[in-house]
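These notes are about the structure you will find just below.
Note: hydrogens, waters and symmetry copies are ignored here, and every other heavy atom, side chains too, is used. Here is the naming used below: chain letters follow the sequence lines, and residue numbers restart at 1 for every chain.
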Amino acid sequence: MKKQLESLLSQTIKTLQAQNVLTADINPLVHIERTRDVSHGDFASNIALILAKSAKTNPRQLAEQIIAEFPKNEAILKVEIAGAGFINFFINSNAQYQVIAGIQAAGENFGKSQIGAGKKVQVEFVSANPTGPLHVGHGRGAAYGSVVANLLTAMGFEVHREYYVNDAGRQMEILATSVWLRYLEACGETFTFPSNAYRGDYVRDIAQKLVQQHSEKFVHASKIVFADLLLDEPEGGNKDDYIDALTLRAKQLLGEGYRVIFDIGLNDILGDIKDDLAEFGVTYERWFSERSLMDDGSIEKSLAVLKSNGHLYEKDGATWFKSSELGDEKDRVVIRDNGQYTYFASDIAYHWNKLERGFDVLIDIWGADHHGYIARVRAALIALGVDETKLNVLLVQFANLWRGTEKVSMSTRSGEFVTLRELRDEVGKDATRFFYVMRRSEQHMDFDLELAKSKSNENPVFYVQYAHARVCSVFRQLPEKGFAQDVALGMANLAELTSEHETALLTTLARYPEVIERAASQYEPHLLINYLRELATDFHTYYNAHQFLVESDTLRNARLNLITAVRQVLFNGLTLLGISAPEAM
RNA sequence: GCGCCCGUAGCUCAGCUGGAUAGAGCGCAGCCCUCCGGAGGCUGAGGUCAGAGGUUCGAAUCCGCUCGGGCGCACCA
């Protein structure tokens with residue numbers, strides 16, 4: 001309906017241009033919006049206000065002319081001018097009922113479109129280092145990314161979900177070293193655990209597996225391991241230098257064995273992350289290995305291109321990228337003075353690789369603490385000579401956990417962070433996903449565990465799911481009362497749905513495709529959440545005000561068709577969110 | 001210090017790319033209710049949209065400034 005009005009309106013504009021009422025050179029963005037107040041009709045346009053100036057007339061007069069030329073249409077009851085020059089459209093009530101048939105016909109496809117047909121979108125999200133379990137910060141990115149991907153899929157895009165695995169680099173080496181040290185402890189060696197190593201219990205668990213699989217094969221006496229090392233930070237040294245030195249020592253002592261330990265750590269943690277995300281309803285088409293970019297020469301190749309384009313230089317033994325010339329605040333190192341690539345170097349290669357795979361749109365979902373990274377990645381893409389406008393970086397702010405009025409303290413340093421798995425175990429998948437995407441992603445959010453768990457109307461997840469269950473409950477009672485649904489009879493008598501609750505529901509249902517399109521195109525899943533809460537509210541209000549299972553066969557079946565449509569839309573929306581639509585609760 | 005994000009009811013948050021009287025939930029005040037699931041219903045109070053400017057027919061929304069909060073400014077990822 002909205003689309004129809006928009007196209008009729010732009011037709012009208014063209015007509016007026018042909019009549020020289022409006023100049024031909026303007027090409028206004030015709031925009032129809034739903035009214036907030038019923039006295040303003042169903043839809044409204046501000047087009048006259050926008051064009052009045054260029055038409056050298058006043059808005060109300062222009063609106064007059066627009067209405068005069070507006071094509072006649074059966075669905076439109078009347079068109080009015082209001083206020084400063086708004087054009088209000090009143091829809092024929094018969095047209096309002098069509099949404100029920102539309103929902104029935106489309107079923108699970110209601111709300112989907114083909115706007116993105118033929119376009120490939122890649123969504124990269126989470127991509128946490130496999131150095132430990134996912135925590136609640138990653139959880140928000142996971143929920144957000146997967147819903148954005150679902151929304152884009154519903155718009156007809158070919159969506160490719162990807163997790164970039166940092167399976168190379170210093171952090172992973174520190175993990176491997178940490179595993180080895182815990183392994184040594186398990187084998188009876190005693191020493192002071194480095195301050196910069198990974199201290200989580202999961203490291204001990206992995207070390208234990210190492211013991212089981214390889215017994216004492218990798219044991220070296222702590223005397224030798226720690227011989228002639230630098231000082232650790234608590235002793236007045238530098239913790240980074242210390243752990244790097246220890247890693248080097250590990251490689252020397254272990255030889256090939258170092259890689260075995262490294263891979264055990266990597267595979268164990270990555271496996272855990274994969275399970276965790278799968279249980280959270282988050283799936284990927286591909287887990288992209290950073291190491292593969294080193295192995296196949298991609299990093300070398302992309303740096304070579306940068307070099308030949310004159311964007312690299314040497315300074316202090318390191319190789320720098322001149323990102324400051326391309327919008328970044330300073331230049332960045334791509335090869336360290338010890339010859340190792342920085343994380344940024346592989347990221348350049350990775351983003352180049354993404355574009356070479358032919359995606360029309362790249363979406364990167366990052367934690368908000370990485371925002372400083374955007375400029376340099378963009379700079380790199382420009383320097384490589386590829387279309388950097390395809391890259392969209394979406395930032396997700398952190399979530400604070402609350403238990404009622406108590407803030408749950410989290411500090412990564414002490415290892416006392418709350419994991420995503422713990423959160424899911426306590427709150428459940430549905431509520432976790434719902435709460436994570438309930439707020440705009442770039443908004444800091446408070447996540448109340450007590451509220452998320454509560455079975456009451458204050459809990460929005462419960463409220464929405466309960467609306468779905470309630471419709472199902474009505475249908476369970478149908479045979480108990482000796483009735484059976486007659487869909488055709490109901491469709492033929494939709495005109496009996498005349499109460500304000502019913503017309504409100506009809507409008508809300510009709511809005512669904514618009515909401516999905518907007519949520520998808522702006523990457524804002526919270527719009528869908530808000531919509532579902534409104535739909536649930538409309539339904540509960542209706543439920544409280546009217547008996548559905550009335551004696552009249554025509555009215556009863558009309559109402560059953562309406563609530564069937566409600567159930568379908570609730571189901572479709574919840575499914576896009578990756579949340580279940582229970583039939584009873 | 002520089003950069004990015006944010007500031008809307010007591011609290012948590014919406015606000016449809018600049019529109020009509022700024023909304024919802026919770027909380028608060030009052031009233032009603034014994035009906036398909038009481039996991040109710042109705043009404044009300046509550047706002048300098050952080051502040052002061054600018055852009056225009058029109059600003060919570062756009063632009064520059066001030067204040068306040070978060071984050072980032074590595075040869076870490």
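In this structure, CD of Glu524(A) is placed 16 Å from P of rC13(B), rounded to the nearest angstrom. Rounded to a whole Å, the CG atom of Leu5(A) is 20 Å from the P atom of rC16(B).
Not a single donor-acceptor pair under 3.5 Å links the side chain of Arg376(A) to the backbone N or O of Glu329(A).
A salt bridge links Lys354(A) with Glu124(A): the distance from a Lys NZ or Arg NE/NH1/NH2 to an Asp or Glu carboxylate oxygen falls below 4.0 Å. Note on Lys2(A) versus Glu517(A): no salt bridge recorded, every NZ/NE/NH1/NH2 to OD/OE distance being 4.0 Å or above. Glu496(A) and Arg559(A) are not joined by a salt bridge, as no carboxylate oxygen comes within less than 4.0 angstrom of a charged side-chain nitrogen.
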*Base-contact (B) and sugar-phosphate-only (S) positions in nucleotides 3-11 of chain B, heavy-atom cut-off under 4.0 Å, - elsewhere*: BBSS-----

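Ring centroid separation for the pair Tyr523(A) and Tyr144(A) does not come in under the 6.0 Å cut-off.
Smallest separation of non-hydrogen atoms from Asn459(A) and Ser454(A): ND2-O, 2.8 Å.
Remark: rG64(B) base-pairs with no nucleotide in the shown strands. Criterion, Watson-Crick or G-U wobble with two distances under 3.5 Å. Shown here, rG46(B) forms no base pair; nothing in the strands shown gives a Watson-Crick or G-U wobble contact with both key distances under 3.5 Å.
For Lys330(A), the listed nucleotide lying nearest its side chain is rA74(B); candidates were rA74(B), rU17(B), rG19(B). You'll find that the side chain of Val333(A) is closest to rC75(B), out of rC75(B), rA74(B), rU12(B). Distances from the side chain of Thr342(A) to the nucleotides rG41(B), rG15(B), rC75(B) place rC75(B) closest. Nearest to the side chain of Arg518(A), among rC16(B), rG25(B), rG41(B), sits rC16(B). Of the candidates rG40(B), rU17(B), rC35(B), rG40(B) carries the atom nearest the Asn457(A) side chain, counting heavy atoms from C-beta on.
Counting distance only, with no hydrogens placed and no angle test, the side-chain atoms of Asp240(A) and the base atoms of rA74(B) include no donor-acceptor pair under 3.5 Å.
Residues Asp430(A) and Gln465(A) bring a donor and an acceptor atom of their side chains to less than 3.5 Å of each other. In this structure, a donor-acceptor pair under 3.5 Å is present between the side chains of Asn166(A) and Glu290(A).
No engagement by Met438(A) is indicated, since no non-hydrogen atom pair under 4.0 Å with the nucleic acid exists. Residue Arg332(A) is out of contact with every strand shown, counting any heavy-atom pair closer than 4.0 Å. Using a 4.0 Å heavy-atom criterion, one finds that His370(A) contacts the bases of the nucleic acid, with or without backbone contacts as well. Contacts of Asp316(A) with the nucleic acid, taken as non-hydrogen atoms under 4.0 Å apart, include base atoms.
Tyr463(A) pairs by the ring-ring contact (aromatic ring centres under 6.0 Å, His included) definition with His540(A), not counting sequence neighbours.
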Restricting both atoms to N or O, compile the protein contacts to nucleotides 54-64 of chain B shorter than 3.5 Å, with distance only.
{"unit_1": "rC57(B)", "atom_1": "OP1", "unit_2": "Lys53(A)", "atom_2": "NZ", "d": "3.0"}

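The P atoms of rA24(B) and rG47(B) are separated by 15 Å, rounded to the nearest whole Å.
Looking at which nucleotide of RNA chain B each of His31(A) and Arg476(A) is closest to, the 5′-most match is held by His31(A). Residue order along RNA chain B, read from the 5' end via each residue's closest nucleotide, puts His546(A) first among Thr541(A) and His546(A).
His40(A) qualifies as a stacking partner of the rA20(B) base, centre to centre under 5.5 Å and near-parallel within 30°.
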